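Written below as structure tokens is the structure these notes are about.
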Amino acid sequence: MKLEGEYTFDGPREQVWELVRDPDVLVTALPGAKSLEQTGENEYEGEMNLRVGPVAGVFAGRLVVSNEQPPESCTLAVEGKGKQGFVDGIGHVNLEAVEDNKTLMKYEGDVQVGGKLASVGQRLVETASKSIIRQGLDTMNNALVARLEAQQTGEKMEFTPPSESEFAVSVARDMAGEALSSKAFKWIIGAVVIIILIIILVIINQNGL
Amino acid sequence: MKPAPFKYVAPSSVDETAGHLEQHGYDAKLLAGGQSLIPMMNFRLVQPEVLVDLNNISELSYIRLDDDGGVRIGAMTRHYQVERNPIIAEHLPLLYETMPHIATVQIRSRGTFGGSISHADPSAELAAVSITLDGQFKLLCKRGERWVKANDFFIGMFTTVLEADEVLVEARFPKIPERTGWAIHEVARRPHDFAMVGVTACLTLDGRNRVQDARLVYLSVGEYPVEAVQAEAILKGQEPSDEVFAAAAETAATQDTDPSSDIHASSDFRRHLVIVLTKRALRTAFERAIDNSQ
Amino acid sequence: MTKKYLGQPITRNEDPRLLTGQALFVDDVDMPDMLHAAFLRSDYAHARLKGIDISTALERPGVVAVYTAESMGADWEPGPPLVSPPPTVEDVVFNSRRQVPLVKDKIRHVGEPIAVVIAESRYIAEDAAEDILVDLEPLEAVIDLEAALEPDSILIHEDLESNLAAQLVQNKGDYQAAREQAELVIKKRFIIDRGAAAAMENRGIVADWDVKSQQLTVWDTTQAPIPIRNGLAARYGLSEHQVRVIAPFIGGGFGPKMMMFYPEELVIPWVAMKLGRPVKWIEDRRENFYATTQERVQYHDAEIALTREGRVLGISDQFLHDTGAYDPYGLTIPLNTQSHLLGVYDIPNFTSEIKVVFTNKVLSTPVRGAGRPQGVYVIERLLDMAAKELGMDKVEIRKLNFIPPDAFPYEQHYIDQAFAPLIFDSGNYKPAIEKAVELIGYEQFITEDQPRYRAAGRHVGIGIVAFPETTGVGPYEGARITIEPSGKVNVATGVGTQGQGHFTTFAQIVADQVGVDPRNVNLVTGDTAEFHWGTGTFASRGAVVAANAIHASAMAVRKKILEHASKHFGAPQEELEIEDGQVRVSDLPRMSISLGELAELANPLRGAVEPGTEPGLEATAYFGPKYGATAFGVHSMILEVDIETMTVDILRYVIVEDCGTVLNPLILEGQIHGGVSMGIGNAYYEKLVYDENGQLLNASLADYLIPTATEMPHIEIEHQETPSPLNPLGSKGVGEAGAIPVPALFAQALENALSDYDLEISETPLSPNQLYELLKGRS
Amino acid sequence: MNDHVNVSILCNGKKYERMVEPRLLLSDFLRHELDLTGTHVGCEHGVCGACTVLLDGLPVRSCLMFAVQANSHEVTTVEGLGTPENLHPIQEAFWEAHGLQCGFCTPGFLMTLVPFLKENPNPTREDIRTAISGNICRCTGYQHIIDAVQLAAEKMSNP
């Protein structure tokens with residue numbers, strides 16, 4: 001499945017890339033991340049207990065960051081594997097400074113979903129992906145804004161993240177906090193890919209409830 | 001295809017339910033009609049630790065007419081009950097007309113109003129209708145209760161503003177204004193399948209038969225039921241005509257909605273269907289509005 | 001021969017049990033101490049299996065055992081080949097690669113079984129299957145048939161040079177010469193996609209090994225219990241008499257339940273013998289989409305050569321056939337396709353090349369129609385396109401090319417799927433199409449109705465196609481009929497039954513011969529302990545091969561009855577009549593004896609039985625046809641398209657069916673209705689969607705769309721009877737007929753409804769989305 | 001996790017009591033605990049309708065309910081309709097109109113139709129098509145089933 005899109009952050013490119021640096025943040029930035037370790041210079045492996053909507057699952061995730069060109073672009077290769085299936089994805093992220101201090105993010109990726117996920121979750125895969133990406137990026141942007149304002153006023157700003165999606169919630173929580181990092185940023189994109197497959201689990205062409 | 005093990009509790013009151021949710025948070029999953037949840041559990045896509053069965057809570061099953069003409073529907077009211085209810089037939093004709101579109105007779109025997117809303121499936125008719133009819137939902141938890149407009153309730157696919165400890169207990173719909181017409185149109189591969197695209201519409205006319213208010217809400221074209229705000233704007237104040245309807249339809253398809261592709265329908269085909277169905281729905285709604293103005 | 005019951009619309013003997021939930025299906029078998037199995041299946045379409053860790057699974061309470069290919073040791077062996085290469089054709093390529101019980105080293109399609117968990121309940125078995133860790137190395141999946149044959153394609157079976165499973169060329173006359181004389185030549189590519197049989201009952205097996213009696217009993221949802229018994233015995237070193245296979249009531253077959261051996265059919269009995277406890281495995285619906293065979297993918301590059309008058313001089317067709325990951329059925333399906341590529345037409349010149357291709361998809365074996373719908377699709381589409389070019393009427397071009405009635409038996413001069421010369425035994429097509437034209441009001445629709453619809457802005461179209469169905473192939477079936485002292489008549493035969501009404505039609509045949517009420521004829525089928533000669537229910541052969549075997553043994557019993565009675569009454573046989581369970585001497589009402597009493601006399605407890613005579617009123621007989629009986633039919637439909645929503649509504653559906661002697665019109669019509677519903681699925685609803693990685697994207701009944709009552713039209717059927725000269729009953733098969741012509745018919749009617757858009761349909765199944773794409777930019 | 005729960009139901013007029021896992025589906029409970037194997041399982045995701053039974057008189061998919069949810073409710077399965085000797089009018093009609101072939105989906109159709117015919121004593125063919133659109137039959141193409149329903153309607157209106 002091809003994924004591509006744009007998103008505008010309400011902050012300067014350096015700040016956005018700033019938002020993205022320290023690997024430790026991942027453990028908290030990713031919903032229910034149990035463990036996470038850097039296994040190579042640009043390689044991370046972790047186990048996440050992901051939950052979206054009614055669906056939860058333990059997923060082993062692996063992320064490889066390559067062609068990193070701060071503060072512009074990088075390539076992310078993600079593998080996620082769980083009981084319900086697997087997902088392999090590769091994505092390119094590009095940051096571009098645009099007028100009035102905003103940053104335009106362009107992303108495009110190719111995701112391969114397999115197992116139960118692919119076979120019974122087809123109906124809304126693409127919508128699910130869009131939904132997750134948007135929620136994730138919104139949350140980050142809120143965090144960014146909160147952080148920028150915090151820098152000016154010196155005190156932390158409150159903002160309401162979307163509920164239920166624990167992904168969004170916890171990411172937001174951590175973003176609002178002090179430890180913000182580039183790896184976190186990448187992981188969120190990576191997590192997006194992994195979470196797509198979780199979300200896909202939710203989808204079965206059934207009506208009512 | 002057998003579900004994974006879970007802890008089962010069946011509270012007999014809303015308060016008890018809130019207690020369980022407070023205790024288990026996201027580890028608990030509410031079981032209403034189960035017509036979407038149980039298939040997912042049978043596929044082992046969903047494996048909740050705790051299942052909180054709402055089916056023993058009789059206090060949540062009712063349909064009431066308020067003095068002001070509004071209608072209240074308890075969260076555990078089942079589809080077949082709404083489908084056959086005279087209050088709904090008289091006061092919420094759009095909802096009444098929608099019910100038979102929902103899945104099949106066996107699903108409607110079990111499926112519940114609140115369950116369908118809380119599940120927040122972008123293809124679910126009830127979610128779209130609730131927005132079209134200006135519905136509000138009452139959410140309850142140990143911390144208290146709050147009302148949320150249907151329009152603000154859905155925030156992502158299968159994602160709503162419900163917090164982990166909250167349960168939706170009631171939906172309320174205001175009286176429909178005079179001189180209002182309605183319509184629901186869907187295109188599905190088979191009539192009982194999820195629609196590839198669906199639209200629910202309400203059109204209210206003023207004294208001079210111009211559009212005073214318009215609602216267009218779509219299924220299966222986005223992350224959640226999508227209201228075509230820009231298309232509505234085009235309609236308001238206008239004298240209804242095929243041209244105006246066409247303009248609104250065009251805007252709905254190009255400005256208001258961003259449908260995805262799946263194995264049944266491409267994004268492109270869905271946009272096409274948005275145009276087709278919008279015109280049809282607006283015509284139907286307009287004719288009915290005229291009839292209701294007699 | 002008297003025909004009191006045969007041909008009558010008699011209600012079915014089996015129904016009361018089925019209607020009250022008392023009929024035994026495999027999942028209803030319950031035994032003390034029974035264990036339950038769940039299979040761990042591959043998520044990947046193509047991968048190397050590097051390791052399996054079953055330790056956690058084994059620790060789970062309630063788990064009795066977990067087996068992998070390794071655990072099977074010497075008993076691990078691929079399934080047997082079902083079909084050998086055709087001996088009579090030259091330069092045949094044939095690479096037989098068969099499915100394995102459990103994956104040993106390489107996964108070749110999504111859903112291939114890797115391990116089996118045996119536990120106290122299916123719930124626990126599924127819990128434990130999730131505990132198993134598999135280490136594998138994903139490989140690029142081979143999905144597209146043309147890409148699969150590219151020299152640089154990755155290999156599915158690495159011991160082969162390519163992904164070519166089989167190749168065969170057949171010729172009739174001289175196509176090239178015909179092409180040179182032709183005044184019109186049309187070349188087209190046709191693509192037929194995948195569908196599932198999707199019987200309502202998934203597959204299932206219960207196996208029980210009785211240590212004391214050293215007997216293996218297997219309940220199996222199979223269409224072929226006897227071959228399964230013989231195969232299991234051979235595989236596990238048992239005598240055939242140590243194995244009893246029972247195919248009880250089966251919830252629909254449609255072909256895939258004919259497949260032998262499914263991995264589960266090898267593994268479950270093996271486990272039962274290993275553990276000495278009964279084991280049950282019931283396929284669930286998701287497994288059914290990965291573990292049960294499918295059909296229909298073919299790419300055709302076809303050409304038709306005609307005269308200006310519309311006479312077809314020749315057909316050329318090079319096609320690729322998708323066999324999936326393995327090819328246990330060899331060339332059966334594509335040969336069936338070739339047998340139908342010339343339809344019901346007298347076409348002197350023909351050349352066709354089959355290339356069977358391995359892909360990383362579920363195995364392809366016959367599904368109701370079995371290659372025939374593809375062949376009929378190609379020839380009927382080509383005729384439509386030719387008629388359009390020549391400005392001819394669609395009915396006329398068909399009439400012009402029909403095989404004339406006096407040309408039967410008609411030799412095609414090439415071989416069929418049984419490797420025997422393809423011969424159409426009998427047929428009479430012209431009256432059939434004329435009847436259909438009349439019933440649907442073809443002329444009036446074209447001249448009056450359609451213009452009226454057009455004027456009203458409605459898009460309504462008509463279609464009409466003709467097709468043959470080769471049926472009733474050998475080798476043989478048999479039956480044993482016994483008249484009991486109670487007067488009850490017992491019939492035992494080998495073919496399994498999956499809803500075709502054998503309990504009734506076979507009873508009707510016997511009832512006529514031995515003069516009893518069909519209700520008193522008790523049929524036992526599909527139990528190898530009762531009868532163990534025969535092959536199975538497939539290729540629409542039940543009503544031909546088995547029915548005639550039953551007829552033969554009924555005649556033999558009748559002969560015995562008359563001999564015994566004539567001796568008893570001292571009256572000549574010509575003066576005897578059998579009716580209502582009594583044998584009478586004509587005109588002497590008092591001289592009458594019941595069949596029961598006669599049966600007792602025929603089996604005396606004292607005295608002597610004359611030398612040369614057999615005890616009892618019992619006979620066993622067999623029937624094997626010289627070659628297949630060819631049924632045929634004409635289907636016609638009127639449909640309406642909503643060109644805004646792309647929804648299609650079939651307004652009328654008319655069929656003229658000729659399957660020789662009609663045994664039971666009620667049951668016959670039921671068979672046709674069911675076939676048409678699958679055909680409509682294959683035309684507009686049912687398509688298995690594989691992505692480029694070999695993932696099946698619609699493995700649920702929510703996304704794989706089987707027609708329901710709201711999609712089905714009302715079907716009007718007219719019968720024509722052209723008896724087969726090849727069997728005493730004159731019957732022909734009909735089980736698959738309904739499904740065969742529908743996609744071709746649907747395409748023609750759709751083009752006709754949308755003639756202002758000048759569509760050309762060359763693909764099936766279609767969908768609203770595809771129709772939208774086809775219509776885009778046309779007007 | 002696996003604590004068993006008590007399920008006591010009235011099925012076809014008979015009282016049953018069993019201790020089962022909460023996750024046990026009603027379809028499996030009926031088939032394997034109560035040995036009422038007339039209820040068939042075709043998809044276990046609520047599409048095919050083969051497992052349709054009556055819960056307090058309403059047609060439901062027994063694969064989309066846990067047995068524990070039927071506790072102290074009344075269930076009717078095909079075994080509760082009629083016997084081979086004494087068929088229910090709908091069963092009779094299915095027999096006479098050849099409304100079944102392999103018979104696997106049939107119990108689900110029958111249980112869907114019992115309440116339908118109560119509510120609609122003389123349905124049109126279109127009504128019937130809609131009413132049974134939640135039940136898949138692979139053998140009959142539905143035509144003889146629809147005939148059977150109309151025949152049953154007659155039988156029931158003038159018994």
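Letters A, B, ... are given to chains in the order of the sequence lines, protein chains preceding strands, and every chain is numbered from 1. It should be emphasised that the depicted structure is a prediction, and the values quoted were computed from it without experimental measurement.
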Self-check item: Minimum-distance pair of heavy atoms, taken over all atoms of Ala4(B) and Asp127(C)
Solution: CA-OD1, 4.2 Å
Quiz item: Of the backbone (N, CA, C, O) and the side chain (C-beta and beyond), which part of Thr645(C) lies under 4.5 Å from a heavy atom of chain B, both, or neither?
Solution: both
Quiz item: If you check every heavy atom in residues 763-770 of chain C against those of chain B, which residues fall under 4.5 Å?
Solution: Leu766(C), Ser767(C), Pro768(C), Asn769(C)
Quiz item: Which residues pass the side-chain hydrogen bond (donor to acceptor under 3.5 Å, both in side chains) test with Arg271(B), sequence neighbours left out?
Solution: Asp258(B)
Exercise. Determine whether Tyr123(C) and Pro3(B) make a side-chain contact, defined as any pair of heavy atoms from C-beta on separated by less than 4.5 Å.
Key: yes
Self-check item: Per-residue contact mode, Lys687(C) against chain B (heavy atom under 4.5 angstrom)
Solution: neither
Quiz item: Which bit of Glu130(C) is near chain B, if near means a heavy-atom gap under 4.5 Å: side chain, backbone, both or neither?
Solution: side chain
Quiz item: Any side-chain heavy-atom pair from Glu773(C) and Asp268(B) closer than 4.5 angstrom?
Solution: yes
Practice problem: Against chain B, label Tyr685(C) side chain, backbone, both or neither, depending on which of its atoms sit under 4.5 Å from a heavy atom there. | Solution: both
Self-check item: Atom of Ala702(C), atom of Asp193(B) and distance for their closest heavy-atom approach
Solution: O-OD1, 4.4 Å
Practice problem: Spell out, as yes or no, whether a donor-acceptor pair under 3.5 Å connects the side chain of Glu126(C) to the backbone of Met1(B). | Solution: yes
Quiz prompt | Residue pair Asp703(C) / His264(B), side-chain donor-acceptor N/O under 3.5 Å | solution = yes
Quiz item: Once you round to the nearest 0.5 Å, how far does CD1 of Ile263(B) lie from CG of Leu697(C)?
Solution: 6.5 Å
Quiz prompt | Pairwise distance CZ(Arg190(B)) to CD1(Ile706(C)) - rounded to 0.5 angstrom | solution = 7.5 Å
Practice problem: Would you name the heavy atoms of Leu273(B) and Glu644(C) that are closest together and state the gap between them? | Solution: CD2-O, 3.9 Å
Exercise. Identify which part of Asp642(C) has an atom lying under 4.5 Å from any heavy atom of chain B, answering side chain, backbone, both or neither.
Key: side chain
